[in-house]
Amino acid sequence: MDEFVQTTLAGLVPAQKKGEGPGFRWQWLEQGVIRLTPHSKVTRSLVLSAGIHGNETAPVEILSQVLDALWRGEIVLCWDVLVVLGNPLALQTGKRYQACDLNRMFGGRWEAFEPGTERARAELLEQAVGGFFANSPPVRWHLDMHTAIRGSLHPRFGVLPARNAAWPAAFLQWLEMAGLEALVFHQTPGGTFTHFTAQYYDALSCTMELGKAMPFGQNNLNAFSAARHALEELLGKGPEAVPVVQQPVARCYKVSQQLTRTGEAFILHIPDDTVNFTPFSKGELLAEDGDNKQVVQQETEYVLFPNRLVAPGLRAGLMLAEIPHP
Ligand SMILES: O=C(O)CCC(=O)N[C@@H](CCC(=O)O)C(=O)O
Ligand SMILES: [Zn+2]
């Protein structure tokens, strides 16, 4: 495991806070935040994040492998990169979060939360990203790597924040090259890290769901090799490295409705063993809270991230409608 990830997981501050790698200089900015700037002039900035949820370990291991390859000089970096390990304390304890879900707090939503680990972290990460984008090249990408709690009919997929403009084909093609079999398009803003970078910095952002969440040491990293390979190609060659796909293959969905845990009386009628992208038919009861009932509205809707254990006011699942590839 590379030194930055190791130090972060151990909760240590490195003795050396800046230095030189092969073809780039690096600077440790905060616990879990490091910037890599190529010596040559570049036109692109990338926020590459993992570990926003502390139990999602495979993305941290992938990131570590990519950093190792950079430090060995196997990749000639062509992006200004901010590497972020989102929630170091939660990673140390192997929990999704310590007090509250960090990925619901961005865009200033942290202000409404009680002081605690994640509230402080959301504020710090917003500042770190703001500082980076204020002072880095104008083409902006953000790839935020996660793994899902449940199994999935599409094992690897991307979740893209709401965006007014069309998504550039090169971005979507890179996501497919990274092995994502489905792309889910949010329709309204939210408190995720990718929504934050998209909304405030016009970044091309994606939450990449790369498999099922497992503890450190139990990930079959072969299953993640497409994502790692695509990242290494991207960092060394840029989006131009993506082979042009004549016929995109990813299935595409938009969020049709959100299931929100309204209060203590909220009941989610989706069994705990339901996998992501399971279809439901028009009229089926999904959730209820007293007189307020939520049913499937379209002929078929597909469930994503059902979770009855979220805090009141937060999303307990998304329902999706399939759409043509943009
Ligand atoms: O499997 C689950 O229920 C959650 C996996 C996860 O952490 N997903 C992200 C998606 C963020 C987005 O909507 O872009 C999350 O829930 O924060
Ligand atoms: Zn996650």
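One-based numbering along the sequence shown. Counting starts at 1 for both ligands and their atoms, following the listed order.
- Nearest N, O or S atom of His146 to the Zn ion (ligand 2): atom ND1.
- Residue contact check for ligand 1: His195 places no non-hydrogen atom closer than 4.0 Å to it.
- The aromatic rings of Phe277 and His154 sit perpendicular, their planes meeting at an angle over 60°, well past the 30° parallel limit.
- Only the side chain of Thr192 comes within 4.0 Å of ligand 1, judged by heavy-atom distances.
- At a cut-off of 2.8 Å, Glu56 coordinates the Zn ion (ligand 2) through an N, O or S atom.
- The protein heavy atom nearest to atom 2 (C) of ligand 1 is Phe305 CD2, 3.3 Å.
- Ligand 1 has an N or O atom lying under 3.5 Å from an N or O atom of Ile149, backbone or side chain.
- Residues Arg44 and Asp80 are not paired through a salt bridge, judged by the lack of any N-O separation under 4.0 Å between the basic side chain and the carboxylate.
- Arg251 has a carboxylate O that lies under 4.0 Å from a charged side-chain N of Glu322, or vice versa, which qualifies the two as a salt bridge.
- Under the 6.0 Å cut-off for aromatic ring centres, Phe171 and Trp141 qualify, their centroids lying closer than that.
- Numbered from 1 in the order shown, with element, the atoms of ligand 1 that lie under 4.0 Å from a heavy atom of His186 read 12 (C), 13 (O), 14 (O).
- At distances below 3.5 Å, at least one donor-acceptor pair connects side-chain atoms of Glu176 with backbone N or O atoms of Ala250.
- The closest non-hydrogen atom to atom 5 (C) of ligand 1, taken over Lys212, Glu209, His146, comes from Glu209.
- The shortest N or O to N or O distance between Asn276 and ligand 1 is not below 3.5 Å.
- Between Arg96 and Glu56 there is a salt bridge, with a side-chain nitrogen of the basic residue lying less than 4.0 Å from a carboxylate oxygen of the acidic one.
- Ion pairing of Lys212 with Glu209 is absent here, as no side-chain N (NZ or NE/NH1/NH2) approaches a carboxylate O to less than 4.0 Å.
- Ring centers of His142 and Phe196: at least 6.0 Å apart, outside the cut-off.
- Between Phe24 and Trp71, the angle of the ring planes goes over 60°, which puts this pair in the perpendicular group of the 30/60° scheme.
- Residue Arg150 has no nitrogen or oxygen atom sitting less than 3.5 Å from a nitrogen or oxygen atom of ligand 1, judged on distance alone.
- At under 3.5 Å, not a single nitrogen or oxygen of Asn307, backbone or side chain, sits near a nitrogen or oxygen of ligand 1.
- Near Arg315, meaning under 4.0 Å from one of its heavy atoms, ligand 1 places the atoms 10 (C), 11 (C), 12 (C), 13 (O), 15 (C), 16 (O).
- Ring to ring, Phe280 and Tyr302 are not that close: their centroids are 6.0 angstrom or more apart.
- The protein heavy-atom contact nearest to atom 14 (O) of ligand 1 is Thr207 OG1, 2.9 Å.
- When Ile52, Asn103, Val159 are ranked by how near their heavy atoms come to atom 11 (C) of ligand 1, first place goes to Asn103.
- Note: an N/O pair closer than 3.5 Å links Arg104 and ligand 1 by distance alone.
- The atom of His53 that is an N, O or S and sits closest to the Zn ion (ligand 2) is ND1.
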